[in-house]
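Worksheet: the structure to be examined is printed underneath.
Quick note: residue numbers are just sequence positions, from 1. Just so you know, these numbers use all the heavy atoms, side chains as well, and skip hydrogens, waters and symmetry mates. All values derive from a computational prediction rather than experimental measurement.
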Amino acid sequence: MKLTVSEEAANWYKEALHIDNGSKVRFFVRYGGCSTVQKGFSLGVKSDNPLKIGASDEQNGITFFIEDEDLWFFDEHDVSVTLDEQGEEPLFHYNK
């Protein structure tokens, strides 16, 4: 699986999480919520240090990553993170 984060989404996360260049942002699986790839689960986001990276992308000085243990959630889909047209929140796109 491949992870891609757009420049606009990376900037949004920098502001929302109050992080600087060199920071690392983890997308992780949470129980509950709604997802188009796994029922009953959703993605969480937090500033964190990786243990065993399964997929990653670097954008605007920030490393975005998914731990190897969470790859099952994506069911072999690539994920791209963009910013919605009004720039209000990130959007996750899953492509097989």
Side-chain angles (χ1 to χ4, degrees):
M1 79 137 317
K2 182 178 179 182
L3 171 64
T4 307
V5 179
S6 74
E7 182 177 346
E8 296 80 11
N11 287 335
W12 187 92
Y13 280 112
K14 273 184 162 180
E15 289 182 30
L17 298 177
H18 306 288
I19 56 178
D20 298 314
N21 288 355
S23 296
K24 294 165 183 59
V25 173
R26 178 180 178 188
F27 298 117
F28 64 95
V29 178
R30 300 182 321 168
Y31 181 72
C34 177
S35 162
T36 59
V37 288
Q38 296 290 345
K39 292 183 180 187
F41 294 91
S42 60
L43 281 182
V45 179
K46 67 179 177 177
S47 182
D48 199 4
N49 287 312
L51 297 175
K52 186 176 179 187
I53 293 177
S56 68
D57 187 28
E58 187 172 331
Q59 187 64 252
N60 293 358
I62 306 297
T63 300
F64 295 88
F65 70 97
I66 299 164
E67 288 285 354
D68 188 63
E69 67 184 28
D70 288 335
L71 291 181
W72 65 269
F73 172 84
F74 299 94
D75 191 29
E76 299 182 18
H77 288 77
D78 291 334
V79 62
S80 61
V81 185
T82 61
L83 201 60
D84 76 352
E85 292 179 9
Q86 284 75 35
E88 294 182 18
E89 64 183 2
L91 298 173
F92 291 81
H93 309 276
Y94 302 96
N95 304 302
K96 209 151 205 189

inquiry  = Is the terminal nitrogen or CZ of Lys24 (NZ for Lys, CZ for Arg) located under 6.0 angstrom from the six-membered ring centre of Phe65 and within 45° of that ring's axis?
reply    = no
Once you round to the nearest 0.5 Å, how far does [atom1] of [X] lie from [atom2] of [Y]?
X	Y	atom1	atom2	answer
Asn49	Ser23	CG	OG	9.0 Å
Phe27	Ile66	CZ	CD1	7.0 Å
Phe73	Glu67	CZ	CD	15.5 Å
His77	Leu71	NE2	CG	13.5 Å
Asp57	Lys2	CG	NZ	8.0 Å

Taking the side chain from [X] and the backbone from [Y], do they hold a donor-acceptor pair closer than 3.5 Å?
X	Y	value
Gln59	Ala10	no
Glu58	Thr63	no
Asp68	Lys52	no
Asn60	Glu7	yes

Taking all atoms of both residues into account, what is the closest heavy-atom pair of [X] and [Y], and its distance?
X	Y	result
Ile53	Ser56	CG2-CB, 3.8 Å
Asp84	Glu88	OD1-N, 2.7 Å
Phe28	Lys46	CE2-CG, 3.7 Å

ask   = Do you know which of Val45, Leu83, Ile62 makes side-chain contact (heavy atoms from CB on, under 4.5 Å) with Tyr13?
value = Val45
task = Please report the C-alpha distance between Trp72 and Val29 in whole Å, then the side-chain angles of each, then the deciding distance to 0.1 Å, and finally whether the side chain to side chain contact (heavy atoms under 4.5 Å, CB included) criterion is met.
result = CA-CA 9 Å; Trp72 65 269; Val29 178; 3.6 Å; yes
message = Just so I know, are the side chains of Val79 and Phe74 near enough to count as touching, which here means a heavy-atom distance under 4.5 Å?
response = yes
message = Quick check: do Thr82 and Glu8 have side-chain heavy atoms less than 4.5 Å from each other?
response = no
request  = Carefully, step by step, assess Glu69 and Arg26 under the rule salt bridge (Lys or Arg N to Asp or Glu O under 4.0 Å).
outcome  = CA-CA 12 Å; Glu69 67 184 28; Arg26 178 180 178 188; 3.5 Å; yes
request  = List the steps and the verdict of side chain to side chain contact (heavy atoms under 4.5 Å, CB included) for Leu43 and Phe92.
outcome  = CA-CA 10 Å; Leu43 281 182; Phe92 291 81; 3.9 Å; yes
